Amino acid sequence: MLLAHLADLARSAITLAYGVSPTQVAIEFPEDRARGDLTVNAFLLAKELRIAPPKLAATLAAALNGCSPVDTAVAVSGYVNLKLQPEALLTALLQEVLDDPTAFGQGTALAGRRLMVEYSAPNTNKPLHLGHMRNNFLGHSTAAVLANAGATVLRANLFNDRGIHICKSMLAWKRFMNGVTPTDTGQKSDHLVGDCYVRFDKEFAREVETHCAAHPEEFEVWKTQRLAQKDAPKADDAALAREWRASFREAGFAQIPLGAECTEMLRAWERGDTEVHALWNLMNGWAFAGFAKTYTDLGVSFDVVYRESETWTLGRDLILEGLERGVFQRRADGAVEIDLSAEKLGRKVVLRSDGTSVYITQDIGTTVLKAAQNQLDGQLWVVGDEQKYHFAVLFAILRHMGYAWASDLHHLAYGLVNLPEGRMKSREGTVVDADDLLAETTALAVLEIRARDEEHRLEDAEVQRRAAVVALSALRFMLLKVNPLASMTFDPKESVKFDGDTGARVLYAYARLRSMLDAAGTLSRGNPALLNDPAEINLALTLLALPAAAARAAREYNPGVVANWLLELVRDLNRFYDRCDVLRATDQELRAARLQLCAAAVAGLERGTALLGMPLLQRM
RNA sequence: GCACCCAUAGCUCAAUUGGAUAGAGCAUCUGACUACGGAUCAGAAGGUUGGAGGUUCAACUCCUCCUGGGUGCGCCA
């Protein structure tokens, strides 16, 4: 390993000069490569060793200068800039990349650890949309990134398939949809379920209107109470009336006939009512079938699948057991809670006064179940950042319960995906559906591919296949290259463009390399010392930076680090094509050496895109 | 009211975690089209890193305050 070898050289030079050995010597890639191929930051070392940076840099430069594989080492304002011997880079690539291309970029930081990454976790009422796409891609890719760092990773999904909201769509189907099935309409089955859910809201709102119009006296009572409250709004009748109507969504739900019927249906479901379960199974079947299709199209998959309908009762016993051990306290009103004020999380109820579970109780149960079933050392959840508090509380409770693995739980919180017009709003119909977006992007990729196939040599099926790959890679790349923590703006129009910093650019670079290598025939070693064009050196150096980028991506749970590395690699590659002839190179030794560089770049592209879950094309 | 997150070029995003002259792409303007695959390359222009202080040899990065945007703070999920 070139970088490790250089670090060793630097370390022994320091030990020799000062009699002390630094814990770590970081070999960095300088921002401006005109300064040198690689650099040693003497400030970092100086801090640990308490030696003046310029002095340390000078000592190091003197020791490393001319010391193979270093050609020259120059101390400049606290840095030691290294220029390598001409053959060092390609030799390193041959060894580190081409020896075993599939292992390139792997790390050992998480070796021996068994982790679970939960992502997607959809509500069966809602077909997947743009926000879910970010979630799915992040989860799928982060799992790959962690596995690349040496962990054994299980990918998990948890279907939110029960509860009052599920009854809403069931009831709507029963009452308003005239027995229609996906086969009748030809509609994607999860979308039919989604339509039922939307229909419920509409009908419910109508009933709320009827109720409100018929009971003006109730409004007066409500208004009096509302205005007496501490956070009372201004006495504006129109605004208050709106708030009153909105309050029926939850507080007054059962006062509305449809709401009451829905609540009764939930009770029937919990009793195990045969008829309700038959309908539930039917509609769940539709939802799951639809999701399965979308997951396939998105290229995401899971090793373990949980359903809330099977896990929702799990937490209760654990709480009761914890209550006996004094982890939780029973309040005077019968509710069970935990005091997390030491963690600044306040008090949290974990069992209602009627003994039933709350949301977090289920999560406690599911988390313990997952850990026990799979012998996990740690767990990761990919869930929107609005649930940060929820997860902070969940983790704190599990620590209080004494689980050894509770210190290795992590919430990968990601920000919203906004549209250029602002937030997606289901009421305003601005939600970008995952299936639609994928289809539209694929259609545009078809046009791009056809435009480049002037002689119509490609069959429709092949065009379609390529377009699907281009579209998926473009979307994955666009959503993954951004830091997960930050909310992002996603412009559907931009996502289907294939110029610039896009997934398509990465695919293109790969296809181009592939066809060159195919045309080149058998590779031979060539003369490594002939690679001395700056474009060649940059490309080789960028390739060697993958292991560090992949390690950082794992450390930070951020696949975007790999995406940005890919962009840099592709930029270097395009520049390399432009400056250096490969197949046309007249010197056979040089041609062979450049082809080796291309082969290493292929491995880099394959490894990097694999970490992001991007499919590639041999021909574009 | 309290807590957390975000703010970088006109737009979308980076910045080796406190290190050298803050970088890419898009859009704009200019150049390279008999091109190893132009879904490309080269160049120009674009910045007081929201504002004000502070710590440091060194601050986009850390601390304090302010402004603007987002999200939480349920016996909802």
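Each chain gets a letter, A, B and so on, in the order its sequence line appears, and its residues count up from 1. On a predicted model such as this, the values are computed, not experimentally measured, just so you know.
- A donor-acceptor contact closer than 3.5 angstrom is absent between the side chains of A:N157 and A:Y119.
- In this structure, A:R35 reaches the bases: a heavy-atom distance under 4.0 Å links it to at least one base atom across the strands shown.
- Distance A:D572 CG to B:G23 C1': 13 Å, rounded to the nearest Å.
- One atom, CG of A:L485, and another, P of B:A15, lie 11 Å apart when rounded to the nearest Å.
- Dashed line: the shortest gap from a side-chain N or O of A:N574 to OP1 or OP2 of B:U40 is not under 4.0 Å.
- The nucleotide B:U61 finds no pairing partner, because no Watson-Crick or G-U wobble arrangement with both distances shorter than 3.5 Å includes it.
- A:R584 comes within 4.0 angstrom of a base, heavy atoms only.
- Protein atom CG of A:D491 is 10 Å distant from nucleotide atom P of B:C13, rounded to whole Å.
- Among the atoms of the strands shown, only primed sugar atoms or phosphate atoms (P, OP1, OP2) are found under 4.0 Å from some heavy atom of A:V482.
- Under the Watson-Crick or G-U wobble criterion, with both distances below 3.5 Å, B:C76 has no partner in any strand shown.
- A 3.5 Å limit on both hydrogen-bonding distances identifies B:G31 as the Watson-Crick or G-U partner of B:C41.
- Rounded to the nearest Å, the gap between the C1' atom of B:G70 and that of B:U28 is 32 Å.
- B:A20: no Watson-Crick or G-U partner with both key distances under 3.5 Å is found in any strand.
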Checking A:V350 against A:I397 for the side-chain contact (heavy atoms from CB on, under 4.5 Å) test, could you report, in this order, the C-alpha distance in whole Å, the side-chain angles of both residues, the deciding distance, and whether it holds? CA-CA 10 Å; A:V350 289; A:I397 290 175; 3.9 Å; yes
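- A:Y359 has its side chain within reach of A:H390: a pair of non-hydrogen atoms, C-beta onward, lies under 4.5 Å apart.
- Taking atom CZ on A:R512 and atom P on B:G38, their separation rounds to 4 Å, with Å as the unit.
- Close to B:G37, at under 4.0 Å from its OP1 or OP2, lies no side-chain N or O of A:R619.
- A:E421 has its CD atom 12 Å from the P atom of B:U12, to the nearest Å.
- In this structure, A:N483 reaches the sugar-phosphate backbone alone: every heavy-atom distance under 4.0 Å involves primed, P, OP1 or OP2 atoms, never a base.
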Are there any protein N/O atoms within less than 3.5 Å of an N/O atom in nucleotides 73-77 of chain B, and if so, which ones and at what distance?
residue: B:G74; atom: N1; partner: A:E250; partner atom: OE1; Å: 3.2
residue: B:G74; atom: N2; partner: A:E250; partner atom: OE1; Å: 3.2
residue: B:C75; atom: O3'; partner: A:R352; partner atom: NE; Å: 3.1
residue: B:C75; atom: O2; partner: A:S353; partner atom: N; Å: 3.2
residue: B:C75; atom: O2; partner: A:S353; partner atom: OG; Å: 3.3
residue: B:C75; atom: N3; partner: A:S353; partner atom: OG; Å: 3.0
residue: B:C75; atom: N4; partner: A:R331; partner atom: NH2; Å: 3.1
residue: B:C75; atom: N4; partner: A:D333; partner atom: OD1; Å: 3.4
residue: B:C75; atom: N4; partner: A:D333; partner atom: OD2; Å: 2.0
residue: B:C76; atom: OP2; partner: A:R352; partner atom: NE; Å: 2.4
residue: B:C76; atom: OP2; partner: A:R352; partner atom: NH2; Å: 3.0
residue: B:A77; atom: OP1; partner: A:R352; partner atom: NH2; Å: 2.7
residue: B:A77; atom: OP2; partner: A:Y359; partner atom: N; Å: 3.0

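- Taking the six-membered ring for Trp, A:W312 and A:Y306 have ring centres at least 6.0 Å apart.
- Within the nucleic acid shown, A:A511 comes within 4.0 Å of at least one base atom, counting heavy atoms only.
- No engagement by A:N418 is indicated, since no non-hydrogen atom pair under 4.0 Å with the nucleic acid exists.
- The side-chain tip of A:R512 points at the ring of A:Y577 from less than 6.0 angstrom away and within 45° of straight on.
- Among the atoms of the strands shown, base atoms are found under 4.0 Å from some heavy atom of A:R552.
- Atom NZ in A:K47 sits roughly 9 Å away from atom C1' in B:U56 (whole-Å rounding).
- Interface remark: the A:S487 side chain does not form any donor-acceptor pair with the B:G70 base, using a distance-only criterion of under 3.5 Å.
- Going from the C1' atom of B:C41 to that of B:G47 covers 26 Å, rounded to whole Å.
- When ring centroids are compared, A:F253 and A:F204 come within the 6.0 Å threshold.
- Between A:R423 and B:G69 there is no side-chain N or O to OP1 or OP2 distance below 4.0 Å.
- Base pairing of B:A9 is not made with any nucleotide, judged by Watson-Crick or G-U wobble geometry with both donor-acceptor distances under 3.5 Å.
- Comparing the P positions of B:C57 and B:G50 gives a spacing of 25 Å, expressed to the nearest Å.
- Nearest to the side-chain atoms of A:D581 among the listed nucleotides B:A42, B:U40, B:C36 stands B:C36.
- One side chain, A:E48 or A:T23, offers a donor N or O that lies under 3.5 Å from an acceptor on the other.
- Contact annotation for A:Y577: base contact, defined as any heavy-atom pair under 4.0 Å involving a base atom.
- In this structure, B:G46 makes no Watson-Crick or G-U wobble pair, since no nucleotide meets both defining distances under 3.5 angstrom.
- Using a 4.0 Å heavy-atom distance criterion, A:R452 is classed as a base contact.
- Of the listed nucleotides (B:A14, B:C36, B:G37), B:C36 has the atom at the smallest distance from the side chain of A:V582.
- No donor-acceptor pair under 3.5 Å is formed between the side chain of A:S141 and the backbone N or O of A:L138.
- Other residues, nucleotides and ligands place more than 12 heavy atoms under 6.0 Å from the NZ atom of A:K481.
- For the pair A:D501 CG and B:U12 P, the interatomic distance rounds to 15 Å; values are reported in whole Å.
- Looking at A:T542 and A:R33, their side chains do bring a donor and an acceptor atom within 3.5 Å of each other.
- Going from the C1' atom of B:G68 to that of B:C5 covers 14 Å, rounded to whole Å.
- Protein atom CE of A:M478 is 12 Å distant from nucleotide atom P of B:A14, rounded to whole Å.
- Taking only distance into account, the side chain of A:T39 meets the base of B:A20 through a donor-acceptor pair shorter than 3.5 Å.
- When Watson-Crick and G-U wobble pairs are counted only if both distances are under 3.5 Å, B:C4 pairs with B:G70.
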